[in-house]
> 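Structure below; questions to follow.
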Amino acid sequence: MSSTPSSSVLEARKALAARLTNLRKDARLTGDELSARCGWHPAKTSRIQSGKAAPSENDLRAWCAACGAQDQAADLIAAARAVETMYTEWRRMEREGLRAVQESVADLYHRTRHFRVYASRVLPGMVQTPEYTEAVLRSIQRARVDVDDVTDAVEARLERQRMLFSGRYRFGLLIEEWVLRAAVCDPETMAAQLGHLLAVASSPFVSIGVIPTGPCRPHLPVEDFYLFDEAEVAVELTSGYLRITQPHEIADYARTFTDLAATAVHGAEARQLITTAIAALG
């Protein structure tokens, strides 16, 4: 399973490069001949074909024209744009504030019917209380965001939480036990948050599993990730936001979710761990 932005993006870029290479070969052009028709140095063609350089939209148009395949330009441009949006650094996503980040995924959430979430650092956004959300986003804002629109960002996230009780969506949530005990908020806020988690657990549309802390676990913890049906995976890395859309990588995350779910406790046992975490807050 890819856990770094480079592995997933590089693979997608190589897939695009392979399409361009095949296009050149189908046109029976050598690399030097294509370069001459495009008006650039052969080294550029080599870098694009190896996946080391990302072609611009104008490069793709020129490539297709050189190969007599102008009808394929639009599709290749769409594929290149998908590669570009796979990984985005937080500083780029958050340059206009945190509300924009919340709103940027709204359409994806509404298109999804089955959510699977693994949380190893912070409770999933859709089950957070406003106070817990504010504490989390405030921590992020202090660390890396110049714009202070935390209040607006909290409101944007709360709008999505209505999905939890609409009955049109299903949620499978896996939470590492230490997430119930470690937080950037005060004990009162955390106690209220865990109480809310207990209430959410009673919903027939929500399955909550808690992975107990302890030795001899069969699977290592991984980065927080969100599975949106079988269409996309969102991974929250330290440096940025990774979108995964390649089927075999999505399958890797789905398999990891299933493996981790097998180590979790559910139902009464999960509720007991949450209750114990509340009691530990005093």
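Predicted model only: the values in this text are computed from it and were never measured.
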> Taking G97's backbone N and O only, do any of them form a donor-acceptor pair with D149's side chain (distance below 3.5 Å, no angle check)?
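Looks like no, no N/O pair under 3.5 Å.
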> With clusters defined by side-chain heavy atoms of hydrophobic residues (ILVMFWY) lying less than 4.5 Å apart, directly or transitively, does W90 cluster with I244?
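No, no single cluster joins them.
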> Measuring only between side-chain heavy atoms, which start at C-beta, is Q128 closer than 4.5 Å to L158?
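Not in contact.
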> Quick one: which residue pairs count as a side chain to side chain donor-acceptor pair (under 3.5 Å) with a foot in residues 63-79, not counting sequence neighbours?
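Residue pairs passing side chain to side chain donor-acceptor pair (under 3.5 Å), neighbours aside: R19-D75.
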> Looking at every heavy atom in both P212 and A264, which two are closest together, and how far apart are they?
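Taking every non-hydrogen atom into account, CD-CA, 4.3 Å.
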> Residues in salt bridge (Lys or Arg N to Asp or Glu O under 4.0 Å) with E57, at least two apart?
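In terms of salt bridge (Lys or Arg N to Asp or Glu O under 4.0 Å), with neighbours along the sequence ignored, E57 is linked to R61, R81.
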> With heavy-atom distances below 4.5 Å as the criterion, would you say the side chains of L237 and Y241 are in contact?
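Counting from C-beta outward, L237 and Y241 never come under 4.5 Å.
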> Compare every heavy atom of A231 with every heavy atom of I250, then report the nearest pair and how far apart it is.
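In this case the closest contact between I250 and A231 is CD1-O, 3.3 Å.
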> Atom CG of L197 and atom CD1 of I274: how far apart are they, to the nearest 0.5 Å?
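With rounding to 0.5 Å, CG (L197) is 4.0 Å from CD1 (I274).
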> When you measure from the side chain of W178 to the backbone N and O of R121, does any donor-acceptor pair fall under 3.5 Å?
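Side chain of W178 to backbone of R121, a donor-acceptor pair under 3.5 Å: no, none is there.
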> Looking only at heavy atoms, what is the nearest atom pair of R181 and A280, with distance?
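Answer, listing the atom of R181 first, then A280: NH1-CB, 3.4 Å.
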> By salt bridge (Lys or Arg N to Asp or Glu O under 4.0 Å), which residues pair with E269, not counting sequence neighbours?
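By the salt bridge (Lys or Arg N to Asp or Glu O under 4.0 Å) rule, E269 matches no residue at all.
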> Rounded to the nearest 0.5 Å, what separates atom CG in L34 from atom CD1 in I48?
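Between L34 CG and I48 CD1, I get 8.5 Å after rounding to 0.5 Å.
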> Take atom CZ of R144 as the centre, draw a 6.0 Å sphere, and report whether it contains more than 12 heavy atoms from other residues, nucleotides or ligands.
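More than 12 heavy atoms, drawn from other residues, nucleotides or ligands, come within 6.0 Å of this atom.
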> Should the pair D59-K44 be classified as a salt bridge under the 4.0 Å nitrogen-to-oxygen rule?
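The answer is yes: the pair qualifies as a salt bridge.
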> Is it true that, when you exclude R91 itself, more than 12 heavy atoms of the residues, nucleotides or ligands shown sit nearer than 6.0 Å to its CZ?
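No.
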> When you measure from the side chain of S203 to the backbone N and O of F205, does any donor-acceptor pair fall under 3.5 Å?
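Checked: pair present.
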> Given 3.5 Å as the limit, does a donor-acceptor pair link the side chain of D224 with the main chain of A119, or not?
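Such a contact is absent between D224 side chain and A119 backbone.
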> Check R95 with D146, please: is the shortest side-chain N to carboxylate O separation under 4.0 Å?
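No salt bridge links D146 with R95.
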> Could you tell me whether a side-chain N or O of T189 sits under 3.5 Å from a main-chain N or O of C185, the two making a donor and an acceptor?
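The answer is no, because no donor-acceptor pair under 3.5 Å joins these two groups.
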> Calculate, to the nearest 0.5 Å, the distance between atoms NE2 and CG belonging to H266 and L173 respectively.
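So the NE2 of H266 and the CG of L173 are separated by 9.5 Å.
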> So do the side chains of L242 and E236 get within less than 4.5 Å of each other, counting heavy atoms only?
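L242 vs E236: side chains apart.
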> Is it the case that atom CD in E159 sees more than 12 heavy atoms from other parts of the structure closer than 6.0 Å?
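Enclosed.
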> Restricting to side-chain contact (heavy atoms from CB on, under 4.5 Å), what partner residues turn up for S46, sequence neighbours left out?
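For S46, no residue satisfies side-chain contact (heavy atoms from CB on, under 4.5 Å) once neighbours in sequence are set aside.
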> Just by modelled atom types, is the L98 backbone N or O under 3.5 Å from a matching donor or acceptor in the E94 side chain?
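Checking the backbone N and O of L98 against the side chain of E94, no donor-acceptor pair under 3.5 Å is found.
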> Before you tell me yes or no, could you show the steps for H196 and V200 under side-chain contact (heavy atoms from CB on, under 4.5 Å), namely the whole-Å CA-CA distance, both residues' side-chain angles and the distance that decides it to 0.1 Å?
CA-CA 6 Å; H196 178 66; V200 169; 3.6 Å; yes
> Tell me every residue that passes side-chain hydrogen bond (donor to acceptor under 3.5 Å, both in side chains) with T88, counting only those two or more places apart in sequence or in another chain.
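Here no residue qualifies.
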> Between the side chain of R24 and the main-chain N/O of Q49, is any donor-acceptor distance below 3.5 Å?
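Looks like no, no N/O pair under 3.5 Å.
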> Taking only residues two or more places apart in sequence, or in another chain, which ones meet D152 in a salt bridge (Lys or Arg N to Asp or Glu O under 4.0 Å)?
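Counting only residues at least two positions away or on another chain, D152 forms no salt bridge (Lys or Arg N to Asp or Glu O under 4.0 Å).
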> Under a 4.5 Å cut-off applied to non-hydrogen side-chain atoms, are I211 and V265 in contact?
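Result no, sub-4.5 Å side-chain heavy-atom pair not found.
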> Distance from S139 atom OG to E134 atom CD, nearest 0.5 Å?
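If we round to the nearest 0.5 Å, S139:OG and E134:CD are 12.0 Å apart.
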> With sequence neighbours left out, write down each residue that passes side-chain hydrogen bond (donor to acceptor under 3.5 Å, both in side chains) with R255, or none if nothing qualifies.
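Checked R255 against side-chain hydrogen bond (donor to acceptor under 3.5 Å, both in side chains); matches are D252.
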> Please check: side-chain N/O of Q102 versus main-chain N/O of V154, any donor-acceptor pairing under 3.5 Å?
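It does not hold such a pair.
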> Do I175 and P124 have side-chain heavy atoms sitting under 4.5 Å apart?
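Result yes, sub-4.5 Å side-chain heavy-atom pair found.
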> Going by the rule side-chain hydrogen bond (donor to acceptor under 3.5 Å, both in side chains), which residues pair with E176 if we only count those two or more places apart in sequence or in a different chain?
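Result, side-chain hydrogen bond (donor to acceptor under 3.5 Å, both in side chains) vs E176: Y118, R217.
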> Applying side-chain contact (heavy atoms from CB on, under 4.5 Å), name anything that partners S50, two or more places apart in sequence or on another chain.
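With neighbours one apart ignored, the set is K52.
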> Between atom CD of E177 and atom OG of S120, what is the distance when rounded to the nearest 0.5 Å?
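Here the rounded value is 14.0 Å.
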> Could I get the full list of side-chain hydrogen bond (donor to acceptor under 3.5 Å, both in side chains) partners for T276, not counting sequence neighbours?
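Partners of T276 by the side-chain hydrogen bond (donor to acceptor under 3.5 Å, both in side chains) criterion, ordered by chain and then number, come out as Q272.
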> The criterion is ring pair (Phe, Tyr, Trp, His ring centres under 6.0 Å); which residues satisfy it with Y109, sequence neighbours excluded?
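Ring pair (Phe, Tyr, Trp, His ring centres under 6.0 Å) list for Y109, sorted by chain: F115, F228.
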> Taking salt bridge (Lys or Arg N to Asp or Glu O under 4.0 Å) as the definition, give me every residue that meets it alongside E155, ordered by chain and number, with sequence neighbours left out.
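Counting only residues at least two positions away or on another chain, E155 forms no salt bridge (Lys or Arg N to Asp or Glu O under 4.0 Å).
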> Taking all atoms of both residues into account, what is the closest heavy-atom pair of E223 and Y253, and its distance?
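In this case the closest contact between E223 and Y253 is OE2-OH, 2.8 Å.
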> For the residue pair D107 and R111, establish whether any side-chain heavy-atom pair is separated by less than 4.5 Å.
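Side chain of D107 against side chain of R111, heavy atoms only: contact under 4.5 Å found.
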> Which heavy atom in L174 sits nearest to a heavy atom in F257, and how many Å separate them?
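Heavy atoms of L174 and F257 come nearest at CD1-O, 3.5 Å.
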> Side chains of I278 and L180: closer than 4.5 Å at any heavy-atom pair?
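No, their side chains stay 4.5 Å or more apart.
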> Answer yes or no: is there a side-chain heavy-atom contact under 4.5 Å between T45 and W40?
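Touching, per the 4.5 Å side-chain cut-off.
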> I'd like to know if the side chain of T258 and the backbone of A254 have a donor-acceptor N/O pair within less than 3.5 Å.
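Yes: the side chain of T258 pairs with the backbone of A254.
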> Has the side chain of R99 got a donor or acceptor atom that lies under 3.5 Å from a matching backbone atom of E96?
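Looks like no, no N/O pair under 3.5 Å.
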> Check the pair Y132 / V122 against side-chain contact (heavy atoms from CB on, under 4.5 Å), numbers first and verdict last.
CA-CA 10 Å; Y132 183 91; V122 65; 3.2 Å; yes
> For G31 and S35, which heavy atoms make the closest approach, and how far apart are they?
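Heavy atoms of G31 and S35 come nearest at O-OG, 2.8 Å.
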> Within a 6.0 Å radius of atom CZ on R168, are there more than 12 heavy atoms belonging to other residues, nucleotides or ligands?
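12 or below, so no.
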> Drop me the distance from C64's SG to L20's CG, to the nearest 0.5 angstrom.
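If we round to the nearest 0.5 Å, C64:SG and L20:CG are 7.0 Å apart.
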